[in-house]
S.K.: 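What follows is a structure written as structure tokens; I'll ask about it next.
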Amino acid sequence: MPSYQAPLRDMRFVMDEMLDYPAHYAALPEGDDASPDVVAAILEEGARFSRDVLLPINQSGDEEGCVLEGGEVKAPQGFKEAYQQYVEGGWPSLAADPEHGGQGLPPSLAMVLSEMICATNLAWGMYPGLSHGAADALRHHGTDEQKATYLTKLVEGVWTGTMCLTEPHCGTDLGLIKTRAVPAAGEAYTITGTKIFISAGEHDLAENIVHLVLAKLPDAPEGSKGISLFVVPKFLPDADGNPGERNGVTCGSLEHKMGIHGNATCVMNFDGATGYLVGPPNKGLVCMFTMMNAARLGVGIQGLGLIEASFQNSLSYARDRLQMRGLSGKQAPEKPADPIIVHPDVRRMLLTQKAFAEGGRMLVLYAAQLLDTVELGQPGEEKERAETLLGLLTPIVKAFLTEVGFESTNEGVQIFGGHGFIKEWGMEQLVRDARITRLYEGTTGIQALDLLGRKVLMSQGESLKVFTKEVHKFCKAEADNPALKEFVTPLSKLNAEWGELTMGVGMKAMQDREEVGAASVDYLMYSGYVALAYLFARAAKQASVALEGDDKAFYAAKLNTARFYYQRLLPRTKAHAQMIQAGAGSLMAISSEDFGLGFEI
């Protein structure tokens, strides 16, 4: 079975030393509750829960999977008991508003906990993970009555939530949905339709499931402008707010999947189910985006957690596995062969995982700090800046970390060699689980279009400038620091090139809009590499200052990882830049009919 230890030392480095979370928390309203002692206790207990409760049922949950019997889904053994411990520990309410039974701590703390959960049992973590998004959507857009009925239960974890968007004939293009909502008695609507790929759509972990469902009213406009959002519970609450009559919503089947077997991915049938409108009519997509943006950050954290899990187990194996001698001679003469960690190519793969884990953690915690300001900060210039930056970084967090997450878990299998291909070691499960993260909550291509088309070009590049100005100020301030020259010089050049590439695509797009789609994925990956380069430069600055302290080995390793990233991973930006500049010509030159020349379809 794979092992895991939460990387608390690295988490504390990023939070306390690099991003100064103590001062950040102190500046937030009611931030005193997130004192260093409280934060430390949360991290320690979260690490224990993830390691001791979730990890032991991860591999067995994958092998056992979920079972559908008579319309009811049973989660794998141990999942329900783990969820009960999760609820009893108060974890669902950690960052929720005290008005609805929450503890009122900053959202960033919940995101740190999420990394640990995703590293130890991604499939299990999806059950409570979606509930947070559902609660956010109702908190922002629900009526007072809806909040009273559903929000406290979701915050407590007694009920769980889902988001029901996708239908058999449409995925990303939600304007094509066919699910209908017809006005019924009072404020109720009758919901009829089928949704697919619904994570945690049916299970036995909680007493009720609250579905947030996109549907169209009878007089709705065509396309995405005619979508409304409805809350549709599995059991209709009775007069006391407890689960009452069974609603007309059932699980028709479970999807047979490549990974995340422990989570119930359901086909949900709404057969005249009773639902209630959330937000204004025909504005459902706007309301649902509150949940979707939270989910996209969550999926990015899934990528991070899987990188860390794969890296830790790869490192342990590489230290123990004996094979051949080092190219420069015996490294462990007392043993019949050297451990494979002495070989340069194994080190390349391990350092790739390590760099993406540590860089991804910095990116997530940087974004988490922005989320705290957006959710809890006072109105004003700082909050507006945080909203702009968070909007820019959300598709990067989601797509970049899941792309390199899949790469890193594959490297883990490679490090294990033939044993990585065997199920008992658990490395192939990480690959299978990682694969879905590049798809759900918007594929990498969709995130890339959101970043380049919507966030950057539609703002005339202003959103990007907010970030690049921050990078520029850092580079200017550290230009004469000899300890950072190897980082600041290439970072400054890339930061300038980022703006030039953006302007180039924008100019081309004025003549041909296909240029945006042609450049978007490479643009997103380029953006991700540069964002991590900035954060690694900041980490190197902190490490270089602390190098002569008590924890010299940690800071020396941090500097070495930053150097590896700059020398071995950051050069990938050159290829992405070249492909961005290549344009749409070769992509669009072949007609759809001519794609299949040479074989019959």
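The figures here come from the full heavy-atom set of this structure, side chains too, leaving out hydrogens, waters and symmetry mates.
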S.K.: Which distance, rounded to the nearest 0.5 Å, do you find between the CD of Glu202 and the OG1 of Thr162?
M.R.: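 It is 10.5 Å, given to the nearest 0.5 Å.
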
S.K.: Evaluate side-chain contact (heavy atoms from CB on, under 4.5 Å) for Val364 paired with Leu401, printing each intermediate quantity in order.
M.R.: CA-CA 9 Å; Val364 164; Leu401 291 186; 3.6 Å; yes

S.K.: Donor-acceptor pair, distance only, cut-off 3.5 Å: does the side chain of Asn247 make one with the backbone of Val249?
M.R.: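 Pair absent, no side-chain N/O of Asn247 close to backbone of Val249.
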
S.K.: List for me each residue that meets ring pair (Phe, Tyr, Trp, His ring centres under 6.0 Å) alongside Phe197, sequence neighbours excluded, and say none if there are none.
M.R.: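 Applying ring pair (Phe, Tyr, Trp, His ring centres under 6.0 Å) to Phe197 gives none.
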
S.K.: Does a side-chain heavy-atom distance below 4.5 Å link Glu187 with Leu277?
M.R.: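 With C-beta onward as the side chain, the pair stays apart.
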
S.K.: Could you name each residue pair satisfying ring-ring contact (aromatic ring centres under 6.0 Å, His included) that touches residues 277-305, not counting sequence neighbours?
M.R.: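 As it turns out, there is no ring-ring contact (aromatic ring centres under 6.0 Å, His included) pair with a partner in residues 277-305 once direct neighbours are skipped.
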
S.K.: Going by the ring-ring contact (aromatic ring centres under 6.0 Å, His included) test, which pairs reach into residues 221-261, not counting sequence neighbours?
M.R.: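 Found Tyr189-Phe230.
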
S.K.: Can you list the residues that meet the side chain to side chain donor-acceptor pair (under 3.5 Å) rule with Lys74, with sequence neighbours excluded?
M.R.: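 Partners of Lys74 by the side chain to side chain donor-acceptor pair (under 3.5 Å) criterion come out as none, since no residue qualifies.
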
S.K.: Apply side chain to side chain contact (heavy atoms under 4.5 Å, CB included) to Thr192 and list each qualifying residue two or more places apart in sequence or on a separate chain.
M.R.: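 Listed in chain order: Thr190.
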
S.K.: Check Lys383 with Glu387, please: is the shortest side-chain N to carboxylate O separation under 4.0 Å?
M.R.: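 No, no charged N to carboxylate O under 4.0 Å.
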
S.K.: Any non-hydrogen side-chain atom of Ile227 less than 4.5 Å from a side-chain atom of Lys216?
M.R.: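 Yes, their side chains come closer than 4.5 Å.
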
S.K.: Only counting residues at least two apart or in another chain, list the ones meeting side chain to side chain contact (heavy atoms under 4.5 Å, CB included) with Ala294.
M.R.: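 Side chain to side chain contact (heavy atoms under 4.5 Å, CB included) check on Ala294 returns Asp136.
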
S.K.: Quick one: CD on Glu156 to OG on Ser131, what's the gap to the nearest 0.5 Å?
M.R.: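 Between Glu156 CD and Ser131 OG, I get 12.5 Å after rounding to 0.5 Å.
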
S.K.: Rounded to the nearest 0.5 Å, what separates atom CD in Glu441 from atom CG in Leu130?
M.R.: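 Spacing of CD (Glu441) from CG (Leu130) equals 7.0 Å.
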
S.K.: Starting from the C-alpha separation in whole Å, work towards a yes-or-no answer on side chain to side chain donor-acceptor pair (under 3.5 Å) for Thr444 and Glu403.
M.R.: CA-CA 8 Å; Thr444 299; Glu403 288 291 328; 2.6 Å; yes

S.K.: List the residues meeting side chain to side chain contact (heavy atoms under 4.5 Å, CB included) with Ser310, not counting sequence neighbours, and say none if there are none.
M.R.: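 Here the qualifying residues are Ser314, Gln353, Thr409, Met427, Leu430.
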
S.K.: Kindly assign one of parallel, tilted or perpendicular to the pair Tyr86 and Trp124, based on the angle between their ring planes and the thresholds 30° and 60°.
M.R.: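 The rings of Tyr86 and Trp124 stand perpendicular, inter-plane angle above 60°.
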
S.K.: With distance as the sole criterion, is a donor-acceptor pair present between the side chains of His132 and Ser114 under 3.5 Å?
M.R.: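 No, no side-chain donor-acceptor pair sits under 3.5 Å.
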
S.K.: Quick one: does Ile117's side chain get under 4.5 Å of Trp91's, heavy atoms only?
M.R.: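 The answer is no; the side chains never approach within 4.5 Å.
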
S.K.: State, without any angle test, whether Thr179 and Glu167 hold a side-chain donor-acceptor pair at a distance under 3.5 Å.
M.R.: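 Side-chain D/A pair, Thr179 to Glu167: present.
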
S.K.: Can you tell me if Asn121 uses its side chain to pair, donor with acceptor, with the backbone of Leu54 under 3.5 Å?
M.R.: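 Checked: pair present.
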
S.K.: Compare all side-chain heavy atoms of Ile57 with those of Pro76 and state whether any distance is below 4.5 angstrom.
M.R.: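 In short, these two side chains do not touch, never coming nearer than 4.5 Å.
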
S.K.: Applying side chain to side chain donor-acceptor pair (under 3.5 Å), which residue pairs with at least one partner in residues 266-276 are found, sequence neighbours left out?
M.R.: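 Checked against side chain to side chain donor-acceptor pair (under 3.5 Å) - neighbours excluded - the pairs reaching residues 266-276 are Thr194-Asn269.
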
S.K.: Roughly how far, to the nearest 0.5 Å, is the OG1 atom of Thr394 from the CG atom of Leu297?
M.R.: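 Here the rounded value is 4.0 Å.
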
S.K.: In Å, rounded to the nearest 0.5 Å, how long is the span from OG of Ser228 to CG of Leu214?
M.R.: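 Reported to 0.5 Å precision, the distance equals 9.0 Å.
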
S.K.: By the salt bridge (Lys or Arg N to Asp or Glu O under 4.0 Å) test, which pairs, at least two apart or in different chains, include something from residues 114-125?
M.R.: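 Of all non-adjacent pairs touching residues 114-125, those that pass salt bridge (Lys or Arg N to Asp or Glu O under 4.0 Å) are Glu115-Arg361.
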
S.K.: Tell me every residue that passes ring pair (Phe, Tyr, Trp, His ring centres under 6.0 Å) with Phe356, counting only those two or more places apart in sequence or in another chain.
M.R.: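 With neighbours one apart ignored, the set is empty.
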
S.K.: Could you tell me whether the side chain of Pro92 reaches within less than 4.5 Å of the side chain of Pro128, counting heavy atoms only?
M.R.: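 When only atoms from C-beta onward are counted, Pro92 and Pro128 do not touch, as no gap falls below 4.5 Å.
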
S.K.: Could you tell me whether the side chain of Asp240 and the main chain of Asn242 form a donor-acceptor pair under 3.5 Å?
M.R.: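 No; judged by distance alone, with no hydrogens or angles, the pair does not exist.
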
S.K.: Enumerate the ring-ring contact (aromatic ring centres under 6.0 Å, His included) contacts for residues 135-169, please, sequence neighbours excluded, ordered by first and then second residue.
M.R.: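 Output for this query is empty, none listed.
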
S.K.: Which residues satisfy the side chain to side chain contact (heavy atoms under 4.5 Å, CB included) test with Ser93, sequence neighbours excluded?
M.R.: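 Testing Ser93 for side chain to side chain contact (heavy atoms under 4.5 Å, CB included), a comparison that skips the adjacent residues, returns Gln103, Val155.
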
S.K.: Has Thr402 got a side-chain atom pairing as donor or acceptor with Gly405's backbone, closer than 3.5 angstrom?
M.R.: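 No.
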
S.K.: Quick one: pull up CZ in Arg435 and CZ in Phe406 and give me the separation to the nearest 0.5 Å.
M.R.: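 Answer rounded to 0.5 Å: 5.5 Å.
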
